[in-house]
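A short write-up of the structure that comes next.
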Amino acid sequence: MSDQIPFNRPPRVGTEFTYAEEAFQFGQISGDGPFTKRCSTLLQEALGVPRALLTTSCTHALEMTALLLEVGPGDEFIIPSFTFTSTATSYAIRGATPVFVDIRQDTLNLDETLLEAAITPRTKAIVVVHYAGVACEMDAILEIANRHGIPVVEDAAHALFGKYHGKKLGTLGAMGALSFHETKNFSCGEGGAILLNDSKFINRAEIIREKGTNRSQFFRGQVDKYTWCDHGSSYLPSDLLAAILLGQLEAREKIQARRKTIWERYHSELADWAQANGVQQPTIPDGCEHTYHLYYLLMPSLEARTEFIAELKAKQIMAVFHYQPLHLAPMGKKFGGYEGQCPVTESIADRLVRLPMFFNMSEDENDRVIESILKIQVG
Ligand SMILES: *Cc1c(COP(=O)(O)O)cnc(C)c1O
């Protein structure tokens with residue numbers, strides 16, 4: 001029996017322990033130590049954003065965006081129904097109501113043609129997700145949002161270093177949120193970052209992240225003592241986690257190149273099989289440089305997907321489905337979600353399957369997944 005191929009293994013580039021050891025040697029492993037600063041600087045320079053702050057997760061980065069936009073009870077926020085729960089919870093936790101919008105058939109991103117109709121006088125934010133690291137139609141989305149004076153937040157959990165017509169994802173809206181969870185391209189286990197693309201948010205973001213205090217200004221010598229100034233929480237990751245993350249961010253070209261190879265092999269070597277079996281492969285529109293975050297297939301039906309996953313599992317290959325429609329989740333229904341509200345999301349959620357794909361995946365494992373799929377007849 002061959003070894004199991006997991007759906008994911010956390011990325012390892014080899015510098016993790018050396019840097020973690022250095023963090024201990026330096027003598028500070030709480031937040032905002034030297035490695036946190038190096039990660040922030042690297043992100044700011046690589047993305048060209050005024051400020052990038054590491055956070056304990058992407059969820060927390062999104063919660064910070066809700067605090068910065070002063071989202072509260074009575075407000076609405078627009079999100080795609082096909083996303084991770086954090087996109088919804090980070091704003092719902094402030095008492096706001098999610099308004100679910102359906103997705104496009106091709107990129108599985110928020111359908112920009114449905115956006116304007118979802119806007120009301122209470123819309124406080126539009127939170128978009130670049131699914132699989134493929135950009136949303138940001139020109140159209142930003143045009144509509146700007147016309148209504150509504151800020152756009154990018155949930156860029158999949159999208160770090162992806163581009164839309166040459167512009168970097170996470171830097172197009174007012175703010176962006178990144179994830180360094182173990183399933184993401186770059187990871188320290190649990191972690192994230194908030195990208196502040198508009199300088200007006202920087203001061204308050206630093207305060208919110210530091211338990212409502214102006215401690216960051218104090219350390220820069222801008223004030224002579226620090227105190228409670230605003231709402232806040234503890235959104236700083238340990239410098240140990242930043243040490244682990246730094247090595248991976250520095251190795252970003254190597255990580256992305258490896259993921260690209262795996263992704264492209266799936267894409268080209270499964271093309272004829274997909275065509276013959278009524279299976280849809282991902283679409284990457286012109287102008288989108290994606291991040292090779294995940295490789296998915298759209299099966300013709302839920303039954304076909306169930307069988308496909310079982311056949312791969314019998315060969316020790318772990319393929320998995322993805323988001324269930326948020327509007328049909330128990331919480332989504334409490335906010336008025338109903339069957340048929342987002343038909344594309346409902347259909348895609350039942351049919352999508354993700355193949356194993358991770359930085360440390362061997363060529364042999366990549367081959368085995370492809371060979372096993374080529375033997376499956378989708379019925
Ligand atoms: C992973 C993910 C998140 C949450 O990230 P955490 O760092 O685990 O909080 C949010 N949104 C999307 C689209 C994700 O994929």
Side-chain angles (χ1 to χ4, degrees), residues 7-8 10-11 31 36 39 43 52-67 77-93 98 100-101 103-104 107-110 125-136 138 141 152-162 169-170 172-173 175-195 209 233-238 241-242 244-245 248-249 259 282 290-296 320-327 329 331-332 345 348-349 352 354 357-358:
F7 168 66
N8 179 61
T36 308
C39 286
L43 288 171
L53 297 169
L54 290 198
T55 57
T56 28
S57 65
C58 178
T59 306
H60 284 166
L62 288 166
E63 285 185 12
M64 284 182 66
T65 69
L67 282 162
F77 61 104
I78 295 174
I79 54 170
S81 178
F82 189 68
T83 182
F84 192 60
T85 52
S86 309
T87 323
T89 58
S90 337
Y91 282 63
I93 202 173
F100 302 107
V101 169
I103 51 171
R104 291 166 53 120
T107 57
L108 317 188
N109 285 328
L110 185 135
I126 298 164
V127 188
V128 299
V129 180
H130 305 296
Y131 185 71
V134 179
C136 296
M138 290 305 285
I141 290 168
V152 173
V153 172
E154 296 172 79
D155 177 340
H158 302 180
L160 178 56
F161 305 127
L169 300 184
L172 293 150
M175 294 177 247
L178 305 177
S179 175
F180 303 118
H181 180 263
E182 81 170 15
T183 51
K184 305 305 195 298
N185 292 20
F186 313 94
S187 178
C188 53
E190 299 278 358
I194 181 170
L195 305 176
R209 181 170 165 272
S233 188
S234 184
Y235 292 129
L236 291 78
S238 159
L241 291 181
I244 289 168
L245 181 65
Q248 301 201 0
L249 291 176
R259 299 187 74 103
H290 72 115
T291 56
Y292 308 98
H293 174 56
L294 54 90
Y295 196 86
Y296 67 81
V320 296
F321 51 84
H322 212 182
Y323 308 131
Q324 294 308 293
L326 287 183
H327 67 284
M331 263 308 262
T345 300
I348 296 287
L352 186 140
R354 294 177 290 162
M357 201 182 124
F358 43 90

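As a basis for the values below, the full set of heavy atoms in this structure was taken, side chains included, without hydrogen atoms, waters or symmetry mates. Whatever order the structure lists them in is the order used to number ligands and atoms, beginning at 1.
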Distance-only side-chain donor-acceptor flag, H293 / T291, under 3.5 Å: no
Geometric class of the H322/F82 ring pair [parallel <30°, tilted 30-60°, perpendicular >60°]: perpendicular
Spacing of CZ belonging to F358 relative to CG belonging to N8, to within rounding of 0.5 Å: 7.0 Å
Side-chain heavy-atom pair L54, L245 within 4.5 angstrom cut-off: yes
Ring geometry between F84 and Y323 (parallel below 30°, tilted from 30 to 60°, perpendicular above 60°): tilted
Non-hydrogen atoms of N185 and Y292 that approach each other most closely: ND2-O, 4.0 Å
Find all protein N or O atoms under 3.5 angstrom from an N or O atom of ligand 1 and list the pairs with distances, or write 'none'.
unit_1   : atom_1 : unit_2 : atom_2 : d
ligand 1 : 5 (O)  : S179   : OG     : 3.3
ligand 1 : 7 (O)  : C58    : N      : 2.9
ligand 1 : 7 (O)  : S179   : OG     : 2.8
ligand 1 : 9 (O)  : C58    : N      : 3.3
ligand 1 : 9 (O)  : T59    : N      : 2.9
ligand 1 : 9 (O)  : T59    : OG1    : 2.5
ligand 1 : 11 (N) : D155   : OD1    : 3.3
ligand 1 : 11 (N) : D155   : OD2    : 2.7
ligand 1 : 15 (O) : H158   : NE2    : 2.7
ligand 1 : 15 (O) : K184   : NZ     : 3.3
ligand 1 : 15 (O) : Y323   : OH     : 3.2

